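In what follows, every chain begins at residue 1, and chains take the letters A, B, ... in the order their sequences are listed. In this text, all values refer to a predicted model and were calculated from it rather than measured experimentally.
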Amino acid sequence: MEENLVIVESPAKAKTIEKFLGKDFKVVSCYGHIRDLSKNDFSIDVNNNYKPSYIIPEDKKKIVSELKKLIKKFNMFWLATDEDREGEAIAWHLYEVLQLNSHKVNRIAFHEITKTAVLKALENPRNIDFNLVNAQQARRILDRIVGYELSPVLWKKVKPGLSAGRVQSVAVRLIVEREREILNFKSTSSFKVNAKFNFYDDKNQLQSFKAELNTKFDEKNKTIEFLNKCLKSDFKIDSIVKKPLKKSPPAPFTTSTLQQEASRKLGFSVAQTMTIAQRLYESGKITYMRTDSVNLSNEAINAIKDAVINNFGKNYLQTRQYTTKTKGAQEAHEAIRPTYVNIQEIDGNNQEKKLYELIWKRTLASQMTDAEIEKTTATISLSNTNEKFIAIGEVIKFDGFLKLYYESPDDEDNDNSKIILPALKEGQNLTIEELFAAERFTHYPPRYTEATLVRKLEELGIGRPSTYAPIISTIQQRGYVIKEDRPGTERKYLYFYMKNNKIIEEIKTENTGYEKNKLYPNDIAMVVNDFLIEHFTNILDFNFTANVEKDFDEIAEGKIDWTKMIDKFYKTFHPVVEKTITTTKKSTGERVLGIDPVSKKPVMVKIGRYGPIVQIGDTNDEEKPKFASLPKGLMIETITLEQALNLFTLPRNIGKFEDKDIVVSIGRFGPYIRHNNTFYSLKKGVDDPYSITYERAIEVIAEKREKDKNKYIKKFEEDPELQILNGRWGPYITYKNNNYKIPKNINPAELTYNKCIEIIKSVGEQKKKKKKK
DNA sequence: CAGTGAGCGAGCTTCCGCTTGACTT
């Protein structure tokens, strides 16, 4: 019989802790929750005090049976799961499932994985906190009720397969509402005036600097009027104001801030950041990567201190402890930091190195001095009018943490690069060298990126570090949201400049509205969001989570009974579900666009069985209505009558080639040309099915034919069904509608018939083996 | 692979938070 068994949540943590403890301790991991409500039914008995029925999910059966075997060999058990709601519940589930003897169980917790913290925890065992466990059960059951009652409503009233939930529906709402703000945004323009001034300094050296006018003109004529005044004006420095500024370093990384910075600085997606961080964590290079805490252990702060002094000297050291401002933070772990701060560079792939470097820099910077900046504002007056030019310069007096780390803004375009002004004196006369005015437009609010959506959710206290990445993938998988790039459009703007003491007008063009990796709502998101807001306002409220969190806290403090809280919620929520199912009509987002001038029938857009469609004529009419699907880029919300009618011009017969018709249309996989029963895809952005010419269509056909020539590597007389082809991922064998990979060491052109059959058989067996596993 | 959108009905879909691997096209 061995002595002590410690159970933690993560295997990497188990490995580390085992090193701190003596021979009398074995540390194992339970891999998170081992018990949950069944995925396949509601699993809550609403007539029996909301009694949940828990099961051990398929993927946890193995670990549970291993744990069961293991506990027989030990005498004392230490449940060392995280010290938060979920961690406490995991400890309780372990206790129940493993049927541990209550006299032999100790509940312990540590917020940091350091030797002192672990040893200290062992000296302070306690019992399982059932209030905290109940707070978790309330959270779990509330989420199940909301998710599993709302989703079926959507299946009946909108479309099968959809989903709704406390977190995802709010995330979708944010994106839908932002898109509508953008659609309704009216851009206005004004004229911004800039100038460049010259003067000779004490040493008779020519100096120059740039300045901007303190007013913007909303009319072209006023702008010209002002510019003409400038031509006749004298310029002089009116005043110089110097102001010291301090900039403090940002707090060490949490999951959310790491995701944001990795997105801005390294271009990583939220999911990418998490997988890379996971690898760094598993190889012991960084602390736990799913955390909402900005806290650093004392040991870490000491190590960072040394690292700052070694790298930058004492002048740059300023230790600080950060406190979290995040709503609902549970702070069960430290901030994300290098395990060993003295290691500046790690082995690993490029991405791992980059992410580590980012974490290392941010961690050190957090314990460095403020940056001291001197901001100079010079005001330049005109002799013949009251407007002033303003020149702003910034000089870094002491760089402090900026020596190492600079937090990127969301929008790099708005980052006014620091201007250094020459030494200026009040009363100095200036001559104007350059003068220009450009028409500038107000910009719509920015669309969400993955990272800015995470920040917004965190701000609202919605979602947890472990769920930010999954939320983003869920709302995309359900078809609510799509992440993509969209091209901008050209825009003309007015530009005036001074030349030979005259003002010259010019029309320039610029590209605007180009979007990269932004989250766009689909039509279905708009329809579902409107439906949910109409009938379930409370759940979609941005404060819903914050409100129920207050209740969970009271349950955790033992002030209220969890079943009472759930009962109160269910008694108001469930009747609305029932009422919505029985009394509301199906929601299709239908919008009537106008009348078709040919048939004189109404034209409408709505969500159909297979997606958004335009319909001409009513379903009840004698004559069946005509349908056309909305192609990518057109939305129910914004499509015009003209655009809708245009969709009915397909399929389009554009002429005969080699005695056969060429027909252009749009199918499930996008626009295509059909000729002689062969399909030729049209690439988006290159060819438009509504306007493609006969000549261009023949070109497309010829291109594809040329490509197909290279498609066949080999055919066999023994069996025409067996072929070696060149595919997107290289050469492969195709046989009876199945494709088989060719091993890398084999030259496909030299394959014989028998060798192919051999490959097919061996690959087939491998597939079977995998299925069994 | 490149139709579809009438209507009926069977059987399916779904939540949020803890954890890691196992996945191919």
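Between the side chain of A:Tyr610 and the base of B:dT4 there is at least one donor-acceptor pair of N/O atoms closer than 3.5 Å.
Remark: the backbone N or O of A:Thr584 is paired with a side-chain donor or acceptor of A:Lys157 at under 3.5 angstrom. Judged purely by atom type and a 3.5 angstrom limit, A:Thr467 has no side-chain atom pairing as donor or acceptor with the backbone of A:Gly463. Checked by atom type and distance alone, the side chain of A:Arg35 never pairs as donor or acceptor with a backbone atom of A:Leu94 at under 3.5 Å. With hydrogens and angles disregarded, no donor-acceptor distance shorter than 3.5 Å links the side chain of A:Arg173 to the backbone of A:Asn529.
When each of A:Ala164 and A:Gln278 is assigned the nucleotide of DNA chain B with its nearest heavy atom, A:Ala164 is the one assigned upstream, toward the 5' end. Toward the 5' end of DNA chain B, the nearer of the two residues A:Arg166 and A:Lys39, judged by each one's closest nucleotide, is A:Lys39.
Between A:Thr467 and B:dG17, a side-chain N or O to OP1/OP2 separation shorter than 4.0 Å is present. For the pair A:Ser151 and B:dT13, the criterion of a side-chain N or O lying under 4.0 Å from OP1 or OP2 is not met. A:Tyr680 has no side-chain polar atom (N or O) that falls below the 4.0 Å cut-off from OP1 or OP2 of B:dC1. A:Arg290 has a side-chain polar atom (N or O) that falls below the 4.0 Å cut-off from OP1 or OP2 of B:dT20.
Contacts of A:Arg144 with the nucleic acid, taken as non-hydrogen atoms under 4.0 Å apart, include base atoms. Base contact: A:Ser629 has a heavy atom under 4.0 Å from a base atom. Here A:Val146 lies out of heavy-atom contact (under 4.0 Å) with every strand.
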How would DNA chain B look in dot-bracket form, 5' to 3', counting Watson-Crick and G-U wobble pairs with both distances under 3.5 Å and writing | for bases paired to another strand? .........................

Take nucleotides 6-11 of chain B nucleotide by nucleotide from the 5' end and write B, S or -, depending on whether a protein heavy atom sits under 4.0 Å from the base, only from the sugar-phosphate, or from neither. S-----

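Annotation: cation-pi geometry satisfied between A:Arg144 and A:Tyr148 (NZ/CZ under 6.0 angstrom from ring centroid, within 45° of ring axis).
Between the P atom of B:dT14 and the NZ atom of A:Lys159 lies a distance of 13 Å, rounded to the nearest Å.
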